[in-house]
Every structure is written in C-alpha cells, then in structure tokens.
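Proteins come first, then strands; the chains are lettered A, B, ... in the order of their sequence lines, and each starts at number 1. Side chains are part of it too, since the values below use all heavy atoms of this structure and drop only hydrogens, waters and symmetry mates.
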Protein chains: 2
Amino acid sequence: MSVADKNLAKEKFMHFLAHKNLRITSQRQTIIDVVFSTDKHFTAEELLEWSRQRDKSVSRATVYRTLPLLTESGMVREMDFGKDYKFYDPNYADHPNHNHIICQDCEKIVEFESDKIEEIETEITKRLGFSIKAQRLQITGSCEELKKLGACKKKGC
Amino acid sequence: MSVADKNLAKEKFMHFLAHKNLRITSQRQTIIDVVFSTDKHFTAEELLEWSRQRDKSVSRATVYRTLPLLTESGMVREMDFGKDYKFYDPNYADHPNHNHIICQDCEKIVEFESDKIEEIETEITKRLGFSIKAQRLQITGSCEELKKLGACKKKGC
DNA sequence: GTGCCTGCAAAGTGTTTGCAGTAGA
DNA sequence: TCTACTGCAAACACTTTGCAGGCAC
C-alpha cells in the first residue's frame, strides 16, 4: 500500500469522524498517524506501545476506544485467529477481499487473495438461503522457517 | 450423524483416554455422554449446564479440563467466530472437512462442505511456501428468518 | 459553554490453575 | 496403593466501563 493510499485512507477516516460529530483529539491524532503509517498487522497492545512512543499521554483505554471506530469506518479490519488477542489489519481499505495465513509459531501473517472464495460464497447463498455479510478465511500453518528449522527465531515478525 | 456413528466416536474417545492412561471418572463419563448424544454445536458453558442436569457434581473446571482432551482426540472441533467464547462441534469425526456459516443475529450455525477450500489450500501452499495445519472459513450472514423479519425470534437456535 | 473525550483504576468475561481431599485402576 | 482427578475459589489476560476532570469546537 503506497504512501498516497495511506494518506487517502487517513483522510477518509477523518471524514468518518467529522461525519459522526466526533472530535480529533491529540491522542486520537497520534493513534491515527501510527495506524496509517504502517503496513504491519498489529495487536491493541502494540498499537498502544507505538502510540506512546510518539505521545506518552495516550492511554490503553483510548486505544481500545478508538479501535472500534477504525473498524467501523472500514479502514481497518479486525482479525481473530483464535488467540487470546485480536490482530488488526491496516491494509483493508485498499484490498477488502484479501485473507490471511498465520504461522503457528512466529505468528507471521501473510495476505493473499483468491477468486475461489467468491465462488464459495455464491455456492452457499444458493444452497443454504443465507445472505452473506462477511467472510474470513483464516489459515494456520508453518512458515518456511518453521518447516526447515523446527522453530522460528523471532516471534511476531 | 447417526446414533451408531456417535457411539463409534464415543468408543474411539474412550480408547484415546485409555491409551494415555487417563481415567474414566463419573464426571468425565457424564460429559462424554452429553457430547456424544447431540449434534448441536455448543459452548463450554452449555456443556456444563447439560452435564449438570445429569450429574450435579460436574464442575466448570472439569468441563474446561475435558474439552482439550476432546479436541486433541479429534472427536470434537473447536471453532472461533471472533465472539467472546468458543463453540465446539461434535460432528467433526465424521466430516473433518466441513465449515460453518453463522447467523449474525440468532447465531444459528449451519455446516457445509466445499471442494473449493482444498483447491485454495493447494494454491496457497504452492504460492506462499506455507504448509497448512488448520483452516477456518467462517462466514457471517443473515439466515432466512433474519432476512424476512429483520430480526430472529430466538437466539442460539 | 457544551458535551465528547481523556486517564485512571476497578470491574467484567471467559478460561486456567493451585490446593487439598477423593477415587479410579 | 498410587496418582490422576475433582471442586472450589483465586488467579489470569484481554477488554470494557464508571468517574471526575479536560479540551475540541
């Protein structure tokens, strides 16, 4: 995702806030700057840490209160791999149809797209009568390092 | 899943316990009976409730300590839909490749199978070099009742 | 000035665990 | 007998919330 795209997403989010009569406080500004300056997937705790590096006054509560706004706006996607904590994906705005594979050891997350998912959706709609709101294919597996070495050197790469 | 299949799964699980030198206590027996007498997906809390109806002495701790054994044996599958609690699927032994669609209102869960998922897995393995351990395609949508009435009458059907 | 927003700390929720007594094999 | 197993309650980890003061607009 290019810098220009990132800035566009950021701007859209600002509009989203304005539209809902929500204020752009300095803490929110910091959090937004952080989110829209990375491609990395992150956890709430990581977002707090990164934000505090720029502005000590950002609190855990504000991070947790801002994350739902980010997901509601569609600029960030929440991901749940069945771990205790959730991951957030800041690349969602540009690629709303991608899915994820996570390494079971180092938790490296790789994105991918596949037309076949849409095909499955069509199949489901016809067969079961559900209309589909959201779909997420989340795959757990071994990255190449884990396969070769039996363990990954660093976590959360 | 037929009654015969259920009993087979139950028997397999007993073997699994015996093989690991684990005991069949009366509480475990109750939990096992409950699990292998339903087709329904359930939560830990529901399993506790149902078990207590048969035997008051079953505690929450024992339920939580037994669930990992059930999943480890392959007779039950753990499912995570991003809700606070996990669901467990007792129909996994017979249909190890099925996936789930959950209604966003009443949380009704419907199972389905599709060859396309395997195709996606093959694609991933080739393209990204990951080997796949587990996959969960989780679809959220509206069941027919929700589509027609705008809301579902009962939750957790 | 209005009321949304903040940090703090306490509360909440699903799940796990230490302990001392219990019971299966 | 020998230990795995049990219930209980406290502990846990992540997330949410009540409150009193603060700040964007």
*Distance-only polar pair, side chains of A/D33 and A/Q29, donor-acceptor under 3.5 Å*: yes
_I want to check something: taking the side chain as every heavy atom from C-beta on, are B/F36 and B/L70 in contact at a cut-off of under 4.5 Å?_
yes
*If we only count heavy atoms from C-beta on, is the B/V35 to B/M75 side-chain gap below 4.5 Å?*
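SC-SC contact between B/V35 and B/M75 ruled out.
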[X] [atom1] to [N] [atom2], straight-line distance once rounded to whole Å:
X: B/K83; N: C/dG12; atom1: NZ; atom2: P; answer: 22 Å
X: A/M14; N: D/dC25; atom1: CE; atom2: P; answer: 10 Å
X: B/R65; N: D/dT6; atom1: CZ; atom2: P; answer: 7 Å
X: B/R60; N: C/dT15; atom1: CZ; atom2: P; answer: 10 Å
X: A/L67; N: C/dC5; atom1: CG; atom2: P; answer: 15 Å
X: A/E78; N: D/dT16; atom1: CD; atom2: C1'; answer: 14 Å
X: B/Y64; N: D/dT6; atom1: OH; atom2: P; answer: 16 Å
X: B/D80; N: C/dG14; atom1: CG; atom2: C1'; answer: 12 Å

*Is there a residue in residues 21-30 of chain B whose heavy atoms reach under 4.0 Å of DNA chain D, and which residues are they?*
B/L22, B/R23, B/T25, B/Q27, B/R28
*Lys/Arg-Asp/Glu bridge criterion (N-O < 4.0 Å) met for B/K6, B/D39*: yes
*Considering only C/dG14, D/dC8, D/dT15, which nucleotide approaches the side chain of A/Y85 most closely?*
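Shortest atom-to-atom distance from the side chain points to D/dT15.
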*asked:* Parallel, tilted or perpendicular, judged at 30° and 60°: which one describes the rings of B/F87 and B/Y85?
replied: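 Aromatic pair B/F87/B/Y85 classed perpendicular.
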*Decide yes or no on side chain to side chain donor-acceptor pair (under 3.5 Å) for A/N91 and A/H98, but give the supporting numbers first.*
CA-CA 9 Å; A/N91 309 321; A/H98 71 257; 5.7 Å; no
